[in-house]
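As structure tokens, the structure follows; a few thoughts come after it.
In listed order, ligands and their atoms are each counted from 1. Along the sequence shown, residues carry numbers from 1. The basis for the numbers below is simple: all heavy atoms, side chains too, and nothing from hydrogens, waters or symmetry mates.
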Amino acid sequence: MVGRDIWIWAEFCRNEPSPLTLELLAAGRFLADRSGGRVTAVVTGEVSSDGAATLGLYGADHVLVLSHPALARFSDEDHAHALAAAVKTRKPAVLLLGASIAGKSVAPRVAAKLGAGLLAECTAIDWTAETLRGVVPLYGGTVLATKEVVALPALAVMRAKSFTPLSPDGNPDVTVEEVRLAPGGLPERVKVIEVAVEETGEVRLEDADVIVSGGRGLGRSEHYKLVRELAEVLGAACGASRAIVDAGWVPYKHQVGQTGKSVKPKVYIACGISGAVQHLAGMRNSDIIVAINNDVEAPIFQLATYGIVGDVLEVLPALTAAFRKR
Ligand code: FAD
């Protein structure tokens, strides 16, 4: 018999839960209040006492740590195996994962191992009458489908910025239960030899309140520095359309859109971006959208809060200079 508990898969970076994990805890709390269960944050690997306390503060009733030497480094198959085995034994009603690179890789593997239903890329979620219901954007975000998983346990992958983290006034002394997995208990078909963490000092797109994004209207790859300069003055992250990522002007990690990242900053400044539906899919939920484009008919202006019709090569340096003076 499946219980009423809500599990979230907690991801850590340098001993701190990722921002998306804190959002998942808020989503988990919301569902648990409806299901009458408790929120368990599941860690595959290790967690420091500070890390566990943070999970408690942001809404976890219980922290379950599945530990095994092979889980010290990320391998989707081993982490999925450990999670699926724990779900099978403990029978939570719901398992939520974040739409991070790791979450999107682990979630379908867990669902397949369990034969469970999975709602991918949800922007909202609800629980009624033993059913998990999620809102999933389709066709580049132009259609919002409501989907249900009627058999439990149900899995959902939540997009970033779908829930706001709770204020950290939960329980720092949350119970931490460690389960050591038996040697040989994981497939271990992939051995992670090295993990290289990129040290860029850049603001991450997913965490940014302000994003300055560049598109093909910049004309040449060297002009992307105008985007970087404005971003630096504003303390913003740098985004990009797929057109300039495909052209090799900037790395893929900057791409915003259907096949890039979904962002929801307070301010999104689109510079020389036409506003193709696939780009809008990743940024249409930004609070304020500023578009700079020399074509007054560009589709981006239909969504923009503020529009500047002009040459991006003139407008960007002018904006940077003006903000520098403030
Ligand atoms: P363009 O569409 O070429 O627009 C350039 C704009 O710059 C124009 O509006 C032009 O008027 C303006 N401009 C030109 N010169 C200047 C100037 N000097 N000053 C000011 N403005 C100027 N795209 C994404 O961005 N993200 C995705 O994740 C994504 N996923 C996709 C997935 C699929 C399956 C497909 C088919 C496409 C996807 N695309 C994605 C591509 C998308 O359809 C567009 O081709 C792309 O977004 C266009 O990028 P752009 O706006 O930079 O270029």
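If you number the atoms of ligand 1 from 1 as listed, the ones under 4.0 Å from a heavy atom of D295 come out as 11 (O). Residue contact check: Q258 has heavy atoms under 4.0 Å from atoms 27 (C), 28 (O) of ligand 1. Of all atoms in ligand 1, listed by their number and element, those nearer than 4.0 Å to a heavy atom of G310 are 19 (N), 20 (C). Listed by number with element, the atoms of ligand 1 under 4.0 angstrom from any heavy atom of G215 are 52 (O). Against a heavy-atom cut-off of under 4.0 Å, G260 is close to the following atoms of ligand 1: 28 (O). Each of the following atoms of ligand 1 lies closer than 4.0 Å to a heavy atom of G257: 26 (N), 27 (C), 28 (O). Applying the 4.0 Å criterion to heavy atoms of G272 picks out, from ligand 1, the atoms 5 (C), 6 (C), 7 (O), 21 (N), 52 (O). When each atom of ligand 1 is checked for a heavy atom of D311 under 4.0 Å away, the hits are 17 (C), 18 (N), 19 (N).
Between D209 and K266 a salt bridge is recorded (basic side-chain N to carboxylate O distance below 4.0 Å). Between R159 and E23 there is no salt bridge, since no side-chain N of the basic residue sits under 4.0 Å from a carboxylate O of the acidic one.
Within 6.0 Å of CD in E178 there are more than 12 heavy atoms belonging to other residues, nucleotides or ligands. When the shell of 6.0 Å around CD of E297 is examined, it contains 12 or fewer heavy atoms from other residues, nucleotides or ligands.
Between R324 and T320, the side chains place no donor N or O within less than 3.5 Å of an acceptor N or O (distance only, hydrogens not considered). S18 and T21 share a side-chain donor-acceptor pair at under 3.5 Å. Looking only at atom types and distance, the side chain of T40 has a donor-acceptor partner in the side chain of H62 under 3.5 Å away.
In this structure, OG in S162 is found 8.5 Å from CG in L20, a value given to the nearest 0.5 Å.
Which of V256, T259, I244 comes nearest to atom 26 (N) of ligand 1 through a heavy atom is settled by distance: it is V256.
Among protein heavy atoms, atom 4 (O) of ligand 1 sits closest to S274 CB, 3.2 Å. Of the protein's non-hydrogen atoms, N294 N, 3.2 Å is the one closest to atom 21 (N) of ligand 1. Closest protein heavy atom to atom 11 (O) of ligand 1: N293 OD1, 2.8 Å. Looking from atom 46 (C) of ligand 1 to the surrounding protein, the closest heavy atom is A276 CB, 4.2 Å. Among protein heavy atoms, the minimum distance from atom 45 (O) of ligand 1 is reached at R216 NH2, 4.5 Å. Scanning the protein for heavy atoms near atom 31 (C) of ligand 1, the closest one is R242 NH1, 3.1 Å. The single protein non-hydrogen atom nearest to atom 14 (C) of ligand 1 is G217 CA, 3.4 Å, given as residue, atom name and distance. Protein heavy atom nearest atom 48 (C) of ligand 1, with residue, atom name and distance: A243 CB, 3.9 Å.
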Might you work through the side chain to side chain donor-acceptor pair (under 3.5 Å) test for R242 and T259, ending with a clear yes or no? CA-CA 8 Å; R242 176 164 159 179; T259 44; 3.2 Å; yes
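Looking at G275 next to ligand 1, no N or O pair under 3.5 Å apart turns up.
Among L155, L118, I125, V150, the single residue meeting the side chain to side chain contact (heavy atoms under 4.5 Å, CB included) criterion with L132 is I125.
Cluster membership check: V43 shares its hydrophobic cluster with V176, using side-chain heavy-atom separations under 4.5 Å among Ile, Leu, Val, Met, Phe, Trp and Tyr.
By the 4.0 Å heavy-atom criterion, L313 is excluded from the residues contacting ligand 1.
For atom 52 (O) of ligand 1, a protein non-hydrogen atom is found at a distance below 4.0 Å.
Contact annotation for S241 and ligand 1: heavy atoms of both the backbone and the side chain come within less than 4.0 Å of the ligand.
In terms of heavy-atom proximity, L316 sits nearest to C271 at CD2-SG, 3.8 Å.
A heavy-atom distance below 4.5 Å is not found between the side chains of D5 and V39.
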